[in-house]
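What follows is a single structure, written as structure tokens, with notes after it.
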Amino acid sequence: MANDKMRIDAFLSEFGKSMIQAQAQINAEVLEHPVGFEGLQTGIAISETEIDLKMVFDEDSSGVNIRPVSAGEARLADLNPGVLSGLRARLVAVPNEEIRPPVRKPSDIREQVLSRPDITRLQDVFGELEVEPTYVGAARRWIVDVKEPRGQTLRSIQISDSE
């Protein structure tokens, strides 16, 4: 299993490098054509992206191998659904600064999110919700995913650590 983790880590690392290359290409294009519509400066920054990958775990004499599955392959039902798995990763760009420990506790963030009227309404519809706070020290923010009982993300919220 450690080998599988290394392969997943390598995949996520390559995906992160692709994000950096995409941002570099956008920046290069902005430098070539700095003025856009009616004299406004153009350009965007990739600050966050999410990847959702379907995978199959195959076992052979060399061990367990992970391979991505195309949407077409997944629809053809040639695959045993018991071996189909998913990987969802969110990559967030943060400034290269000193990491700051959080001021607030994850339990305080959960409590704040669960007390919001929109989340209360969702809880009435879906039942008990899962609240997953993640602290991003360089941005002094919490990224909070609110999920329904089956694991589907209903809301993704950013909360300042100083609130």
Side-chain angles (χ1 to χ4, degrees), residues 1-55 66 68-69 71 74 84-163:
M1 199 60 150
N3 195 21
D4 297 337
K5 183 183 183 317
M6 288 187 332
R7 290 179 191 163
I8 291 169
D9 289 347
F11 173 80
L12 291 175
S13 175
E14 289 302 312
F15 183 72
K17 289 176 188 174
S18 295
M19 269 186 58
I20 292 168
Q21 290 171 346
Q23 183 66 60
Q25 183 178 354
I26 290 167
N27 291 343
E29 290 172 11
V30 167
L31 289 174
E32 282 182 33
H33 309 287
V35 179
F37 179 71
E38 294 192 11
L40 296 174
Q41 187 73 24
T42 60
I44 62 170
I46 301 172
S47 64
E48 182 176 329
T49 189
E50 205 170 279
I51 181 171
D52 194 5
L53 177 70
K54 297 296 181 204
M55 302 173 296
I66 302 169
V69 176
L84 187 62
S85 188
L87 169 70
R88 175 172 280 171
R90 173 178 288 154
L91 301 174
V92 180
V94 293
N96 189 12
E97 295 178 5
E98 179 183 329
I99 302 291
R100 297 172 186 91
V103 173
R104 301 169 67 191
K105 298 181 204 166
S107 58
D108 296 337
I109 299 298
R110 275 189 202 91
E111 196 174 298
Q112 178 184 344
V113 168
L114 287 171
S115 68
R116 290 172 42 141
D118 60 324
I119 302 301
T120 302
R121 284 191 299 276
L122 286 172
Q123 201 153 358
D124 291 343
V125 173
F126 291 98
E128 189 171 336
L129 300 174
E130 186 177 330
V131 178
E132 298 177 354
T134 303
Y135 180 66
V136 181
R140 295 183 186 169
R141 291 195 153 303
W142 292 86
I143 296 175
V144 185
D145 287 334
V146 179
K147 298 180 178 184
E148 52 94 15
R150 293 178 303 174
Q152 181 70 29
T153 300
L154 301 172
R155 293 274 192 284
S156 202
I157 305 164
Q158 290 189 31
I159 298 176
S160 172
D161 189 46
S162 62
E163 288 180 2

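What you see is a predicted model; the values in this text were computed from it and never measured. In what follows, every heavy atom counts, from backbone to side chain, and hydrogens, waters and symmetry copies are set aside.
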Q) Which heavy atom in Asp161 sits nearest to a heavy atom in Pro101, and how many Å separate them? A) OD2-O, 4.4 Å
Q) Ion pair present between Asp145 and Lys147, side-chain N to carboxylate O less than 4.0 angstrom? A) no
Q: Report yes if the side chains of Pro149 and Glu128 come closer than 4.5 Å at any heavy-atom pair, otherwise no.
A: no
Q.
Within this structure, what is the CG-CZ distance for the pair Leu122 and Arg116, rounded to the nearest 0.5 Å?
A. 9.5 Å
Q | Heavy-atom side-chain proximity of Leu129 to Arg155 below 4.5 angstrom | A | no
Q: Look only at the side chain of Arg141 and the backbone of Gln158, and say whether a donor-acceptor pair between them is shorter than 3.5 Å.
A: no
Q. Given Ile159 and Arg104, is the side chain to side chain contact (heavy atoms under 4.5 Å, CB included) satisfied, shown in steps?
A. CA-CA 11 Å; Ile159 298 176; Arg104 301 169 67 191; 3.7 Å; yes
Q | Results of salt bridge (charged side-chain N to carboxylate O under 4.0 Å, His left out) for Arg121 - residues two or more places apart only | A | none
Q: Sequence neighbours left out, what pairs pass ring-ring contact (aromatic ring centres under 6.0 Å, His included) with at least one residue falling in residues 140-161?
A: Tyr135-Trp142
Q.
Nearest 0.5 Å, please: how far is CD1 in Ile119 from CZ in Arg110?
A. 14.0 Å
